[in-house]
J.: 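Structure incoming, see below.
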Amino acid sequence: MNLLIVDDNLYDRKILKRHLKQLGFEGNIFEAETAEEALGTLAKQPIDLVFLDFLLPDGTGVETLKKLRTQHYALPLQPSFAMLTGSGNEEIAVEAMKEGAIDYLIKQNLTQAAVSRIIQNALKQQKMKRALEASKQQFSSLADAAPVMIWMSDRLGNAEFLNRDLQRFLGLRQDEALGHSWLERFHPEDLPLFKQNLVEAFFKQTSFDAELRLKHQEHYYYMQFSSRVRFGSEGEMAGFTGSIIDISEKKAQQRALIEEETRYKAIFTSQFDAVISTTTLGRISSANPKAKELFDYPEAELFGRNIWILFHSAMNFSQFQSKLTSVTEEGLYFPEINFIKKDNSSFFAEVTVSSLRNGSENLGYLYTIRDSTQLKERDLSLAQISRKLAQSREEERRRLARDIHDGPVQDLVGLSYSMSNLCRNPSGQDYDLAELMLRVGQWRQDITKTIKQLRAAINDLRPAGLDEFGLISALEGYFGRFKRDYAIAINFSYNLSGELADEINLTLFRSTQEILSNINKHAKASLISISLTQHTDSLSLCVEDNGKGFIVPTDLHELSSKQHFGLLGLAERIQLVKGNISIRSSPGQGTEIFISIPLSSASDLKA
């Protein structure tokens, strides 16, 4: 609990702090000698309770309290106030309580019991305020999520709440609208009708509905007002709450559709793709049969609603909407937008949006939507083909590795032994022994070098020990060579409960190999931590380094423009086994690469 004592008398402040200490108060205590100091503290520090002296050098306690409540402390949770004075005054007490003080005490009567009572009352009041604020936040969130404009006013029509959509429409922030009348936004011809409805509803305590014109920027739009009376906790009339639906565009579109009905109907019904037209504000004015079929909505449920209900997420629609300002009659093409049907199932579609114009006037937008499910299936088929090709390449590498190992390497080893024997028993030969020995020694060096090269090639084609001893042994062998060659420390931990399919083993090994190669080339790291974990239905590989880090691009394909193909190839390899990869890094903070591969069926595990 944060407590503020505002009193210009040091002795009185000490007495109050002594009472607080004896009560075992453990919160923060702030002090101020003037109203101005108190206002400064409250502006910087959240305070729960203020002990406020009535007489201050720069004003009375009641004046300070008024400033705090109306000007200088407009936070949702205002502090509780207890007024202190040197002598009793009933009028001051009444005035202080009217301004929201929870207690009024004479300093001579200030006891531990009185201080304890004030603190307990303040705690109860703050708890009630927090509960009320939480309730307001919940109401605000629900209202902002509603697909209509929502408002709340007092009995005189002064705004107490406008949801986000209504704020945008009126061009007002919440703090600009609160406590002020927004009646000037009505059309002058409609304002008397609204006031009449308001007065009748006030006296009869009933609700009202009306069609009224409301100003948006420089134009008026027809709105359907639905207003309901709001009552307080004791049954008294507290004001009004209601909703607003934009119907002006619908009326205008209705008139236009009457004139163009035949032409539009022929175009819409003959289209293979879904076609939806909207107003400039996004209200759906028409939809062809294919659109109703695609989204599984009856026409009556689509008409007049905002097209955002068809988008999978608000973020998806927001990003899409930001580009609408550049739409022309020729249209803009969006290759992949995530939509949602009435039953909440989602799908991706190609979208072309064109502007519906009457000369220079924009009447709305025309959406042509083509379900890209078939394209997705085709992409999946291509991915499967790519996967098969990758498998074929690995089989070929395995065969080639076996052939090289059983053929040239064995021959070269035999030749090396023969030459070694010749060097040990040169009798009966007519040659310069010293020269021959020199040559044989050179041949042996060359042959040994060739053997190393061939074995290195074999390891690249097929990881050494992967088939014979398993993934862990192959990785540990590779880590040993890596640490020896590049002097980078490696901490490796694993938790595998069974043997994995060859494809999974190879993917994990190659991925680890690629990551460590990138670290060696770019990271300048001294330590790498690697963990391999098998979960119930997935595998995870995490590789962290303490290197220099980098800025991770939004799309890994951006790396190809800089001729950095390592991570891009790694991502494509992981996608072939339906896995996911995430990269976290920043300059100077090292890099973490996390790979998750699903174990979707028994085929991913060896029997």
Side-chain angles (χ1 to χ4, degrees), residues 44 311-323 334-338 348 383 463 471-472 475-476 478-496 504 506-599:
K44 296 182 292 185
F311 284 76
H312 186 267
S313 66
M315 179 63 71
N316 193 8
F317 177 68
S318 177
Q319 295 172 346
F320 179 86
Q321 191 180 39
S322 64
K323 300 179 181 179
F334 301 88
E336 189 173 74
I337 297 294
N338 197 0
F348 287 90
L471 176 63
I472 299 303
L475 285 174
E476 288 177 337
Y478 174 70
F479 294 155
R481 294 190 299 274
F482 187 90
K483 288 189 286 186
R484 182 185 66 241
D485 293 342
Y486 305 114
I488 301 177
I490 296 178
N491 292 330
F492 177 46
S493 63
Y494 60 90
N495 180 16
L496 296 181
I504 303 295
L506 186 59
T507 297
L508 289 170
F509 185 91
R510 293 297 189 196
S511 298
T512 305
Q513 196 175 39
E514 181 61 44
I515 294 172
L516 265 61
S517 175
N518 280 338
I519 292 174
N520 178 54
K521 291 178 182 177
H522 307 295
K524 295 183 179 180
S526 61
L527 176 64
I528 302 173
S529 297
I530 303 171
S531 63
L532 178 61
T533 307
Q534 182 174 334
H535 308 283
T536 304
D537 55 358
S538 66
L539 282 166
S540 63
L541 173 67
C542 183
V543 182
E544 298 180 72
D545 69 66
N546 64 349
K548 64 181 183 179
F550 67 103
I551 298 174
V552 182
T554 305
D555 186 348
L556 289 180
H557 286 83
E558 295 177 18
L559 295 172
S560 62
S561 63
K562 301 178 181 179
Q563 301 300 307
H564 297 319
F565 297 100
L567 290 178
L568 184 59
L570 174 65
E572 292 176 348
R573 179 183 291 275
I574 297 303
Q575 289 172 2
L576 290 177
V577 290
K578 301 180 181 178
N580 295 308
I581 180 172
S582 64
I583 302 172
R584 292 193 306 176
S585 183
S586 58
Q589 300 298 316
T591 301
E592 178 190 80
I593 297 179
F594 184 84
I595 294 172
S596 177
I597 299 176
L599 299 176

J.: Hey, could you give me each pair passing side chain to side chain donor-acceptor pair (under 3.5 Å) that has a residue in residues 582-599? Not counting sequence neighbours.
T.: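 Every side chain to side chain donor-acceptor pair (under 3.5 Å) pair that includes a residue of residues 582-599, provided the two are not neighbours, is Arg584-Glu592, Ser585-Thr591.
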J.: Provide the closest heavy-atom pair for Ile595 versus Ser511 in the form atom of the first, atom of the second, distance.
T.: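 Scanning both residues completely, I find the closest heavy atoms to be CD1-CB, 4.1 Å.
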J.: Evaluate the side-chain proximity of Leu508 to Ile597: yes if any heavy-atom separation is below 4.5 Å, no if none is.
T.: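 Ile597 vs Leu508: side chains touch.
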J.: Does any non-hydrogen side-chain atom of Ile530 lie less than 4.5 Å from one of Phe479?
T.: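 With C-beta onward as the side chain, the pair touches.
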J.: Taking it one step at a time, do Thr507 and Leu576 satisfy side chain to side chain contact (heavy atoms under 4.5 Å, CB included)?
T.: CA-CA 9 Å; Thr507 297; Leu576 290 177; over 6 Å; no
J.: For Glu476, which residues count as a salt bridge (charged side-chain N to carboxylate O under 4.0 Å, His left out) partner, sequence neighbours excluded?
T.: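 Applying salt bridge (charged side-chain N to carboxylate O under 4.0 Å, His left out) to Glu476 gives none.
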J.: Heavy-atom distance under 4.5 Å between the side chains of Asp537 and Pro598, does that happen here?
T.: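 Side chain of Asp537 against side chain of Pro598, heavy atoms only: no contact under 4.5 Å found.
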J.: How about Tyr494 and Leu471: do any of their side-chain heavy atoms sit closer than 4.5 Å?
T.: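 Heavy-atom side-chain distance check fails, nothing below 4.5 Å.
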J.: Roughly how far, to the nearest 0.5 Å, is CD1 of Ile515 from CD of Glu544?
T.: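 Rounded to the nearest 0.5 Å, the CD-CD1 separation comes out at 11.5 Å.
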J.: Report the distance from atom CD1 of Ile488 to atom CD1 of Ile528, rounding to the nearest 0.5 Å.
T.: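 Rounded to the nearest 0.5 Å, the CD1-CD1 separation comes out at 5.0 Å.
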J.: With rounding to the nearest 0.5 angstrom, report the OG to CG distance, Ser538 to Asn580.
T.: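 If I round to the nearest 0.5 Å, the distance is 10.0 Å.
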J.: What are the two closest non-hydrogen atoms of Ile490 and Lys483, and how far apart are they?
T.: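 Looking at all heavy atoms of both residues, the shortest contact is N-CD, 3.7 Å.
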J.: For the CD1 atom of Ile583 and the CZ atom of Phe594, what is their distance to the nearest 0.5 Å?
T.: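 These two atoms lie 13.0 Å from each other.
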J.: Please report the interatomic distance CZ(Phe482) to CD1(Ile519), rounded to the nearest 0.5 Å.
T.: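 Rounded to the nearest 0.5 Å, the CZ-CD1 separation comes out at 6.5 Å.
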J.: Got Leu496 and Leu539 here, is their nearest side-chain heavy-atom distance under 4.5 Å?
T.: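 SC-SC contact between Leu496 and Leu539 confirmed.
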J.: Once you round to the nearest 0.5 Å, how far does CG of Leu475 lie from CD of Gln513?
T.: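 Going from CG on Leu475 over to CD on Gln513, the span is 9.5 Å.
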